[in-house]
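No experiment lies behind these values; they were computed from the predicted model shown. Quick note on labels: first sequence line is chain A, next is B, and so on, each numbered from 1.
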There are 2 protein chains.
Amino acid sequence: MVRTRAFDPSTALSRAVDLFSSKGYSETSMEDIVRATGVSRYGIYGTFGNKRELFEQALERYAEGMGKQSFLRLLEPDAALAHIRAIFDERVEDMCNRDENRGCLFIHTAMQLAPDDLETRGVLQKFMKRISKAFAVGLESARERGEVKADLDVKAAGELLTSTMFGLVVLGRTGFDRATLDGIVESTLASLTG
Amino acid sequence: MVRTRAFDPSTALSRAVDLFSSKGYSETSMEDIVRATGVSRYGIYGTFGNKRELFEQALERYAEGMGKQSFLRLLEPDAALAHIRAIFDERVEDMCNRDENRGCLFIHTAMQLAPDDLETRGVLQKFMKRISKAFAVGLESARERGEVKADLDVKAAGELLTSTMFGLVVLGRTGFDRATLDGIVESTLASLTG
DNA sequence: GGACAAACAGAATGAACATTCTGATACAGA
DNA sequence: TCTGTATCAGAATGTTCATTCTGTTTGTCC
């Protein structure tokens with residue numbers, strides 16, 4: 001019975017992810033989201049709750065997308081170093097595609113995190129640790145294949161890669177040119193191979 | 001003649017720097033600044049202009065402080081690698097001092113930067129390049145002293161250090177423990193010595 | 001000591017925002 | 001085709017914010 005929903009919650013959430021990851025939580029207004037999704041306030045609030053809850057779902061979705069798009073492949077045993085390189089290259093590509101104005105929801109969230117919001121901090125930490133872990137697994141494959149230094153501490157290196165990846169995004173956002181970003185990727189990979 | 005100003009603009013600006021660097025531009029209200037400085041709206045607006053202009057001066061001051069406190073020493077020729085380590089250690093220390101809730105005005109600004117605000121982007125890029133350059137100079141001294149790999153590309157490595165430093169702050173903000181952050185610093189330095 | 005002008009505290013203003021409300025709409029089921 | 005109800009667009013509400021205004025205070029110079 002009754003009227004059917006005129007929008008797809010999943011695609012609406014995707015739009016919200018785009019907005020939040022480009023502008024962060026506080027700079028993104030519900031008005032922005034209504035406009036970008038084409039969904040009425042009623043629909044947004046009814047489906048996602050309030051802004052805060054929508055954000056949490058967006059963060060969840062963002063992490064999921066990042067995993068599927070980039071990090072899952074690190075768990076496969078083949079061509080591990082190439083996969084790591086690909087992840088960094090994609091980030092650089094993203095950053096240089098100026099018209100898309102891509103940001104990073106993790107960095108935005110980390111910076112805007114209220115000191116007392118332990119719950120979101122925990123969620124974010126979980127996602128970042130997952131990234132480090134994926135890097136470490138990839139590095140271990142690469143190590144077994146002789147693609148990186150035999151004595152590489154893959155756990156520590158995974159954390160370093162995570163850190164450098166975020167730094168790369170910060171520099172990209174600041175408008176550093178592609179050559180510089182590519183150079184950082186190159187140095188990073190070089191430090192793994194010794 | 002007439003009444004004298006009851007506050008010191010320089011210390012007021014310092015407070016503003018603290019607020020902006022911990023919470024970023026948009027999450028910091030003029031009310032916050034009035035409260036934290038103890039200066040009246042009249043004094044703030046009269047001395048610094050509007051919020052935007054105050055922010056620009058805060059960014060300038062932040063960069064200056066960072067240079068004096070951390071990066072100037074890299075231009076001295078002695079003990080270069082130790083200086084680089086000290087800079088990273090101080091960052092880690094800052095991040096782990098939870099009660100201070102220190103952030104990073106550069107990262108906040110990079111992330112919040114409107115895509116069309118080329119002026120602020122330029123300013124920020126200038127500051128970040130200065131950091132890269134300081135690292136490169138320090139690395140060159142270190143190279144001459146045999147503290148790092150003889151074939152190190154100091155320019156590229158300087159940019160990598162800059163990137164990693166920002167990433168370190170992002171992880172610190174997310175609540176990664178000291179051991180992990182120290183590990184990242186260790187790996188970073190290890191990658192320089194080969 | 002008195003007068004002036006700049007500095008003060010805080011009220012006033014107008015815009016933006018998150019959230020709720022309202023009256024109109026349109027679709028499933030009879 | 002008709003009814004009922006969930007959905008819609010956008011108006012209403014109450015809060016927060018940046019900025020300006022106002023009436024008061026105070027330090028300096030004559």
Listed nucleotide nearest any side-chain atom of [X], set [options]:
{"X": "B:Arg41", "options": "D:dA18, C:dT19, C:dA11", "answer": "C:dA11"}
{"X": "A:Arg5", "options": "D:dC8, D:dT28, D:dA18", "answer": "D:dC8"}
{"X": "A:Tyr45", "options": "C:dA11, C:dT20, D:dC17", "answer": "C:dT20"}
{"X": "B:Arg3", "options": "C:dC8, D:dT20, C:dT20", "answer": "C:dC8"}
{"X": "A:Ser40", "options": "C:dC8, C:dA18, D:dC8", "answer": "D:dC8"}
{"X": "A:Tyr42", "options": "C:dA6, D:dT7, D:dA18", "answer": "D:dT7"}

Q | A:Lys51 NZ/CZ over A:Phe20 ring centroid, <6.0 Å and within 45° of normal | A |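 No - A:Lys51 does not lie over the ring of A:Phe20 by the 6.0 Å and 45° rule.
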Please report, rounded to the nearest Å, how far the [atom2] atom of [N] is from the [atom1] atom of [X].
{"X": "B:Glu31", "N": "C:dG10", "atom1": "CD", "atom2": "C1'", "answer": "10 Å"}
{"X": "A:Lys51", "N": "C:dT20", "atom1": "NZ", "atom2": "P", "answer": "14 Å"}
{"X": "B:Asp8", "N": "C:dA7", "atom1": "CG", "atom2": "P", "answer": "14 Å"}
{"X": "A:Lys23", "N": "C:dA16", "atom1": "NZ", "atom2": "C1'", "answer": "12 Å"}
{"X": "B:Phe55", "N": "D:dA18", "atom1": "CZ", "atom2": "C1'", "answer": "16 Å"}
{"X": "A:Ile44", "N": "D:dA9", "atom1": "CD1", "atom2": "P", "answer": "11 Å"}
{"X": "A:Met30", "N": "D:dG10", "atom1": "CE", "atom2": "P", "answer": "17 Å"}
{"X": "B:Arg35", "N": "D:dA18", "atom1": "CZ", "atom2": "P", "answer": "11 Å"}

**Q.** Modelled atom types, side-chain donor and acceptor of A:Ser29 and A:Arg35, under 3.5 Å
**A.**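 Short answer, no.
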Q: Take A:Asp18 and A:Arg102 through the salt bridge (Lys or Arg N to Asp or Glu O under 4.0 Å) test and state the conclusion after the steps.
A: CA-CA 8 Å; A:Asp18 291 343; A:Arg102 301 278 288 161; 3.7 Å; yes
Q.
For a quick check of understanding: with a heavy-atom distance under 4.0 Å over all strands, which category does A:Thr28 fall into, base, sugar-phosphate or nothing?
A.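 Contact class for A:Thr28: sugar-phosphate only.
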Q.
For a quick check of understanding: with a heavy-atom distance under 4.0 Å over all strands, which category does B:Ser26 fall into, base, sugar-phosphate or nothing?
A.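 If one applies the 4.0 Å heavy-atom cut-off, B:Ser26 turns out to touch nothing in the nucleic acid.
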Q. When you measure from the side chain of B:Glu159 to the backbone N and O of B:Ser132, does any donor-acceptor pair fall under 3.5 Å?
A.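 No.
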(Q) Taking A:Arg73 first and then A:Glu76, would you say they form a salt bridge - that is, a charged N and a carboxylate O separated by under 4.0 Å? (A)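 Salt bridge: no.
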